Structure formats: structure tokens, C-alpha cells
Asks: 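Okay, here's the structure, questions in a sec.
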Amino acid sequence: MTVVTRFAPSPTGMLHIGSARTALFNWCYTRHVGGKFLLRVEDTDKARSTPEAVEAIFRDLKWLGIDWDGEPVMQSAREARHAEVARELLAMGKAYYCYCTPEELDAMRAEALAKGEQPRYNRFWRDRDPATAPAGVKPVIRIKAPLDGDSVVNDLVQGEVRVPNSQLDDMILLRSDGTPTYMHAVVVDDHDMGVTHVVRGDDHLNNTFRQKMIFEAMGWTVPQFAHIPLIHGADGAKLSKRHGAQGAMEFKEMGYLPEALCNYLLRLGWSHGDDEIFTKEQATQWFELTDVNAGPSRLDTKKLDHINAHYMKLADDARLAGMVLERIGSTDATHRERLIKGMPDLKSRAATVVQLNTDAQVYLKDAPFEYDEKAAHTLHDHDAHHAMHYIYDALARLGADFKADQIEAALKAIADEKYAGKLAKVMMPFRAALCGTMTSPPIAKAAEILGQGEVMNRLKAALHWMHDHGHHHH
RNA sequence: GUUCCCUUCGUCUAGAGGCCUAGGACACGUCCCUUUCACGGAUGUAACACGGGUUCGAAUCCCGUAGGGAACGCCA
């Protein structure tokens, strides 16, 4: 039997990071067994669903490299079918009309709660003659839940879960306006789509028993379930707004690569021995639902950073340069060229594209520019002023041979002759003048990439600045 | 309140009764490398929630306790 899975998001906003992981687990498992991975958009909540959100979810999934089989199913288009199944259940005597008003239901719940019982419907209309129904009340259709015994689900992640049927409510299948409830729509759709494995967040574990009632009442095969724990924030509480980023796109904005996010998300709650870094291909080769942990796991951005840094090193230089340029909204050809040339040194030290962007500033500005506090402090130095002149003269003489090793040799010569071999005396002012900051990629290489013209401009600007701002005497 | 789920270093995890003096990764500490910041290399600190069983033997099986989470809508 071919495995069929589905990912069923509600299009009420961005793709949540937790949903992204659920989608990833579904996808990985399905590719592992060579099944079909379907998409279903649960847009029955018309008030909250938007077409933009639908597009955003598709876009985010694609960004993560998650592809799906066939056309996505729009749940809203299937309402007639949902109603049909509800009426079938009615005809089979497995469901019934209920004429209670929302006010009456509220009262029942309050009463049950007061008695220390689970709040639920008291089954008033379950065996009552519909002929006695109050006039003018549009009924809902409720399922007849089993009255005694236990229900059991063998969950692929959680193991055997047993719940007393006394806990099950005669839940509503079809609302008084004829629209299906979520619980009902999910079951009908999962069945009609031929879903064999339902992989979803464990907040649905309890719902499984309600949904199972419908499958069984219809005589349908109940799919296999795998309830994966939700992701929690660093403090162990369920991921929410106060934890910061929640949307997959927010992680993109924070500078994470999709392949790194996928690797991290997959490793969160699932493991294959001690493997930490793996490709999607390896993951699909290894992934088993039974290897997913039953306990919830916390999002750790430090580890994400580490994994991202790994993938940054592997990433193509031009691709990374494009990301930096996209961030600052630039299409400057010179900047792109410099970035690509400097990328090997840049990407080896940055954990995220945001850091990459910061470090790349050397290549993205033109003299004269501002010096940050530390750079300004360095340039205020008396020796630095002298050094700057030596550097300027030495590099001006380099001419066509403006290569990193030539530049470095020239700077070392100055250090040897003037500063007793103390390289920092030359390098640090040079760095300050070239970058405006005291951290940068290897500065001689950066100078080569910048080219002699731009380097001389920056040195000149630094000399002007030093002249204007005076210097400290030591 | 009722029902259900969860619990190994700070974090993610390995672990299927003896391979466990509990392994790996991130983070943290120290050292090395080094013109800055990083990378990298080496090394160290650090955990089986608690209490009972079962067993020759338990992180692993069972029961209880504690703590955390979820569900209980004419929301999804």
C-alpha cells in the first residue's frame, strides 16, 4: 500500500516555524517510503483565512525546499461533500439532529463543570423524537459517541494511547448553517484524499479519538497517527509571540539559510544516532516516524547559529553575495564583484547572513565614511598618524602589483623598520582606515579586492580625518 | 475540574535489561593558532526528576509522586 500523507495548514498568517517542522517531518517520511505528500488548505474559517496567507504558505514551503504532490486541496471547496457524509451518518442512525441553543449548551457546560465533570453536551436530543423539536430552530447534526468502553490509538510516536469513551462528546458534525466543523471536515477529507498516515502536532492527540469515531461510524479505514510534540521556546513554554520569531520567514530575515533551518528543525525531536549535520537526501534516507521523540523540545538559536555557520561555509559565493545585496536593496555591479571575491573570507567567519552583511560593509561603502568609536580611537593615535603616511607612501609605490602578499610584505616592512616588528602598529590603523571598524576579514586581502584606487582614496580620507581631528600624544 | 501526553548534562539528543565509570552536538571554561573579529584544533565542567517494586543485574520494564504540557466550542 502506498503511503499518503498530508500537511494541512490554516491560512491565517505566515507559516509558523512549528508547522514548518510538521511539514518537514511529513515530507521526509513520505519521501523516505516513496509515498505521496499532499497539501490541504484548511480555509473553512472564512473570517480569518486570506488568499495572501495561502500564497505565503506555499512560498515558505518552497523556500524550505518542501515540494508536494498534486494540486493543493482547498477545504472550503468541499463543503457539499462534508454535508453529504453528515447526512449519510444521519440516515444510518449514527448521528442525530440537535435543537439546543448556544445558551442552553453554555448552561450544560457550566453545570457539568460545577459537578466536577468534563464540560459537555448532555445528549438531550440523542434519543428524542425530532417531531417534538421547537419550531423555527435550525438543528445541528451530532454524532452518537460510544457510551462505554475505551478507545485505543496506536500512535507511531506516542505509543498506545487509551481513553475512556465516557470522555467523548456527541460532537457537532454539521453546524446549523450547514457548514462542517473542523473535526468532521478533517476526517472526510483525510478519507477522500486516501491519507494513510496523519503526522501532526500532539495538540491533536485528544482530537484523534473524536475523529476516530467518524471514521468508524462510516466504516472507513482509520489512518495511522503520529503525533509529534510541539516546539517550545528557550524557557520551555509553548512558542509564542514573546519568544520572538515564529514565522519561517522571520528566520530568513534573521539570516538563516533554508538548508540550515531544515537540518536544525529535523534534528529537533528526531535523531539518527549521533548525526548532527546531514543533507536532505540523507534525512529522507534515514527518517522513521518511530525515531521521533515523544517529549517536546526547545528552540535553541545558538545551535541554529552553529548549523547555519556550517552551511554558510558550503554555500556558493555568488548566492551569498546576492543575499547580502538583496538585503540592502542594491544591484551595484562593483559591490557585487567585490563581495564575490571577498566571500570566501567573509562566509567563513559569519554565522548568519545578517552577520555577513555587517562584515561585508568594507566592500559596500566608498570613501569618505564614518569611523566607529574604536576605529576613531585608533586613528587618534600619534603613532598611527605617522604609520598612515608610511602606509600611504608604500602602497602608492606598489602600482600594478596590488596583490595581498605584496601589500602584506610592504606593511611588514614598515613594521620592521619603524615599529620593531610590531605588526599591529601598522595593521590596526590600516584596518581602521580601510574599514571604519576594528574587525574585518584579513585586511591585506580586503585591500587587494578593493583595488589600489579605492584603497588610496580611503587612506587619503583617513589622513584628512586625522589632520582635522588632531591626535593624542603619548 | 475531567481526560490524555511528556520527563537523560543549561539546550538538542544517543540509549530497546549487562556494551554506561551514561556517548555525541550546541553553549560555557582553559590552551593552541592569530594583524582584528572569527574559523579551526585540543581539552575540561556538566545529566538518567523523585520514591517504590520486578530482576543476579534497570537510564532502559511496572506502580506511585512531583513538575511540565495538551484537549474538553455551532475555532481551526
Side-chain angles (χ1 to χ4, degrees), chain A residues 8-10 12 42-45 47-49 75 98 100-102 105-106 109 112-121 138-142 155 158-159 161-164 166-169 171-177 179-183 185-186 201-210 227 229-230 232 234 236-238 264 267-277 293-307 309 313 345-351 355 359 374 378 408 411-412 415 422-428 430-432 435 437-444:
Chain A
S10 301
T12 54
E42 307 210 321
D43 57 347
T44 50
D45 186 345
R48 292 195 298 160
S49 304
Q75 192 163 60
C98 163
C100 288
T101 64
L105 294 174
D106 284 344
R109 266 179 225 114
L113 223 40
K115 281 196 284 188
E117 288 169 7
Q118 183 173 22
R120 77 161 109 69
Y121 173 59
K138 287 205 163 191
V140 299
I141 295 179
R142 286 183 182 271
D155 192 277
Q158 307 288 341
V161 184
R162 177 181 300 269
V163 90
S166 59
Q167 292 299 313
L168 267 23
D169 203 356
M171 63 178 179
I172 295 174
L173 267 20
L174 220 57
R175 300 184 186 108
S176 51
D177 66 358
T179 60
T181 58
Y182 163 79
M183 224 51 94
V186 164
D202 72 358
D203 50 336
H204 285 294
L205 184 55
N206 289 284
N207 288 340
T208 305
F209 295 92
R210 302 168 216 291
H227 286 94
L230 267 17
H232 288 182
K238 190 177 160 184
Y264 175 74
R267 190 63 183 72
L268 200 59
W270 170 77
S271 59
H272 179 264
D274 285 337
D275 292 305
E276 296 285 346
I277 304 275
N293 276 71
S297 37
R298 309 178 185 202
L299 206 58
D300 179 7
T301 50
K302 288 277 183 56
K303 185 154 184 178
L304 212 203
D305 280 349
H306 179 260
I307 290 178
K313 290 186 186 76
D345 284 323
L346 248 21
K347 70 183 182 185
S348 70
R349 61 217 317 117
Q355 277 177 39
D359 299 347
K374 284 177 182 167
T378 300
E408 199 161 331
L411 297 175
K412 275 190 175 140
K422 287 187 177 172
L423 208 45
K425 282 283 201 184
V426 183
M427 291 301 196
M428 294 317 276
F430 186 49
R431 189 187 312 279
C435 308
T437 61
M438 294 316 290
T439 66
S440 78
I443 197 64

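Below, read A as the first sequence line, B as the second, and so on, with proteins coming before strands; counting in each chain starts at 1. Only this structure's heavy atoms are used, side chains among them; waters, hydrogens and symmetry mates stay out. Just so we're clear, the structure is a prediction, and the values are computed from it rather than from any experiment.
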Asks: Of M428(A) and S176(A), whose nearest nucleotide on RNA chain B comes first from the 5' end?
Replies: M428(A)
Asks: Does rU2(B) have a Watson-Crick or wobble mate here (both distances under 3.5 Å), and if so which one?
Replies: rA71(B)
Asks: Measure from the side chain of T439(A), starting at C-beta and using heavy atoms only, and say which of rC74(B), rU36(B), rC12(B) lies closest.
Replies: rU36(B)
Asks: rA16(B) and rA22(B): how far apart are their C1' atoms, nearest whole angstrom?
Replies: 15 Å
Asks: Checking all strands, does Q158(A) fall into the base, sugar-phosphate, or nothing category for heavy-atom contacts under 4.0 angstrom?
Replies: sugar-phosphate
Asks: How many whole angstroms separate atom CZ of R349(A) from atom P of rG40(B)?
Replies: 12 Å
Asks: Which part of the nucleic acid, if any, lies within contact of S271(A), taking any heavy atom under 4.0 Å across all strands shown: a base, the sugar-phosphate backbone alone, or nothing?
Replies: sugar-phosphate
Asks: Write down the distance between CG (N206(A)) and P (rU2(B)), rounded to a whole number of angstrom.
Replies: 15 Å
Asks: Watson-Crick or G-U wobble partner for rA38(B), using a 3.5 Å limit on both distances?
Replies: none
Asks: Classify V161(A) by what it touches in the nucleic acid, base, sugar-phosphate, or nothing, heavy-atom distance under 4.0 Å.
Replies: sugar-phosphate
Asks: When the nearest nucleotide of RNA chain B is assigned to A234(A) and to L205(A) on a heavy-atom basis, which residue is associated with the more 5' position?
Replies: L205(A)
Asks: Base, sugar-phosphate or nothing for K422(A)? Non-hydrogen atoms, less than 4.0 Å.
Replies: nothing
Asks: Are any side-chain N or O atoms of R431(A) and backbone N or O atoms of A424(A), one a donor and one an acceptor, separated by less than 3.5 Å?
Replies: no
Asks: rU13(B) P sits how many Å from H306(A) NE2, rounded?
Replies: 17 Å
Asks: How should the glycosidic conformation of rC37(B) be described, syn or anti, under the criterion that syn lies within 90° of 0?
Replies: anti
Asks: For residues I443(A) and C435(A), determine if any side-chain heavy atom of one lies less than 4.5 Å from a side-chain heavy atom of the other.
Replies: yes
Asks: Distance check, C1' atoms only: rG23(B) and rA46(B), in whole angstrom units.
Replies: 14 Å
Asks: What interatomic distance, in whole Å, is found between C1' of rU55(B) and the corresponding atom of rG17(B)?
Replies: 9 Å
Asks: How many whole angstroms separate atom CZ of R298(A) from atom C1' of rU8(B)?
Replies: 14 Å
Asks: Would you say NZ of K374(A) has more than 12 non-hydrogen atoms from neighbouring residues, nucleotides or ligands within 6.0 angstrom?
Replies: no
Asks: Any strand is fair game: report the nucleotide pairing with rG57(B) by Watson-Crick or G-U wobble, both distances under 3.5 Å, or none.
Replies: none
Asks: Rounded to the nearest angstrom, tell me the gap between atom NE2 in H272(A) and atom P in rG23(B).
Replies: 21 Å
Asks: Looking across every strand, which nucleic acid part, if any, lies under 4.0 Å from P296(A) by heavy atom: base, sugar-phosphate, or nothing?
Replies: sugar-phosphate
Asks: To the nearest 0.5 Å, what is the distance between CE on M438(A) and CE on M428(A)?
Replies: 3.5 Å
Asks: Describe the nucleic acid contact of T44(A) in one word from base, sugar-phosphate, nothing, applying a heavy-atom distance below 4.0 Å.
Replies: sugar-phosphate
Asks: Under a 3.5 Å cut-off for both contacts, is rC19(B) paired Watson-Crick or G-U wobble with anything, and if yes, with which nucleotide?
Replies: none
Asks: Who does rC50(B) pair with, Watson-Crick or G-U, both distances under 3.5 Å?
Replies: rG64(B)
Asks: For K302(A) and rA25(B), give me the distance from atom NZ to atom P, rounded to whole Å.
Replies: 18 Å
Asks: Can you check the distance between rU7(B) and rC61(B), where both ends of the measurement are the P atom (answer in whole Å)?
Replies: 10 Å
Asks: Which is true for D359(A) with a 4.0 Å heavy-atom rule: it touches a base, it touches only sugar-phosphate, or it touches nothing?
Replies: nothing
Asks: Looking at side-chain heavy atoms only, is the closest gap between D155(A) and L205(A) below 4.5 Å?
Replies: yes
Asks: What integer number of Å spans the C1' atoms of rA49(B) and rC9(B)?
Replies: 14 Å
Asks: Just how far, in rounded Å, is P of rU36(B) from CD of E408(A)?
Replies: 12 Å
Asks: Return the nearest nucleotide to the side chain of D274(A); candidates are rU3(B), rG24(B), rA71(B).
Replies: rG24(B)
Asks: I need the CG-P distance between L230(A) and rU7(B), as an integer number of Å.
Replies: 15 Å
Asks: When rounded to the nearest Å, what value does the distance between C1' atoms of rG18(B) and rU13(B) take?
Replies: 23 Å
Asks: Using modelled atom types and a 3.5 Å cut-off, is there a donor and acceptor pairing between side-chain atoms of Y264(A) and backbone atoms of T301(A)?
Replies: no
Asks: Give G201(A) one of three labels, base, sugar-phosphate or nothing, depending on what nucleic acid heavy atoms sit under 4.0 Å from its own.
Replies: nothing
Asks: Describe the nucleic acid contact of R210(A) in one word from base, sugar-phosphate, nothing, applying a heavy-atom distance below 4.0 Å.
Replies: sugar-phosphate
Asks: Between rU36(B) and rC20(B), how far is it from one C1' atom to the other, in whole Å?
Replies: 45 Å
Asks: Quick check: do Y121(A) and L105(A) have side-chain heavy atoms less than 4.5 Å from each other?
Replies: yes
Asks: Give a yes or no on whether a donor-acceptor pair under 3.5 Å exists between the nucleobase atoms of rC12(B), that is its base, and the side chain of S297(A).
Replies: no
Asks: Using the P atom in both, what is the distance from rC6(B) to rC62(B), to the nearest Å?
Replies: 11 Å
Asks: If you define the side chain from C-beta out and look only at heavy atoms, does anything of R210(A) sit under 4.5 Å from N207(A)?
Replies: yes
Asks: Among the nucleotides rG24(B), rC39(B), rC74(B), which one has an atom lying closest to any side-chain atom of K303(A)?
Replies: rG24(B)
Asks: Quick one: which of rU3(B), rC72(B), rC37(B) gets closest to the side chain of P119(A)?
Replies: rC72(B)
Asks: So P442(A), base contact, sugar-phosphate only, or nothing? Heavy-atom distance under 4.0 Å.
Replies: base
Asks: Between rU13(B) and R267(A), is there an OP1 or OP2 to side-chain N/O distance shorter than 4.0 Å?
Replies: no
Asks: Using a strict cut-off of less than 4.0 Å between a Lys/Arg side-chain nitrogen and an Asp/Glu carboxylate oxygen, indicate whether K302(A) and D305(A) qualify as a salt bridge.
Replies: no
Asks: Hey, does C98(A) reach any base, or is it just sugar-phosphate, or nothing, if we go heavy atoms under 4.0 Å?
Replies: nothing
Asks: Hunt down the Watson-Crick or G-U wobble partner of rC33(B), both distances under 3.5 Å, from any strand shown, or write none.
Replies: none
Asks: According to the Watson-Crick and G-U wobble definitions, with both distances under 3.5 Å, which nucleotide is paired to rU11(B)?
Replies: rA25(B)
Asks: Select base, sugar-phosphate, or nothing to describe what S348(A) touches, counting heavy atoms under 4.0 Å on all strands.
Replies: sugar-phosphate
Asks: What's M171(A) touching, base or sugar-phosphate or nothing? Going by heavy atoms closer than 4.0 Å.
Replies: nothing
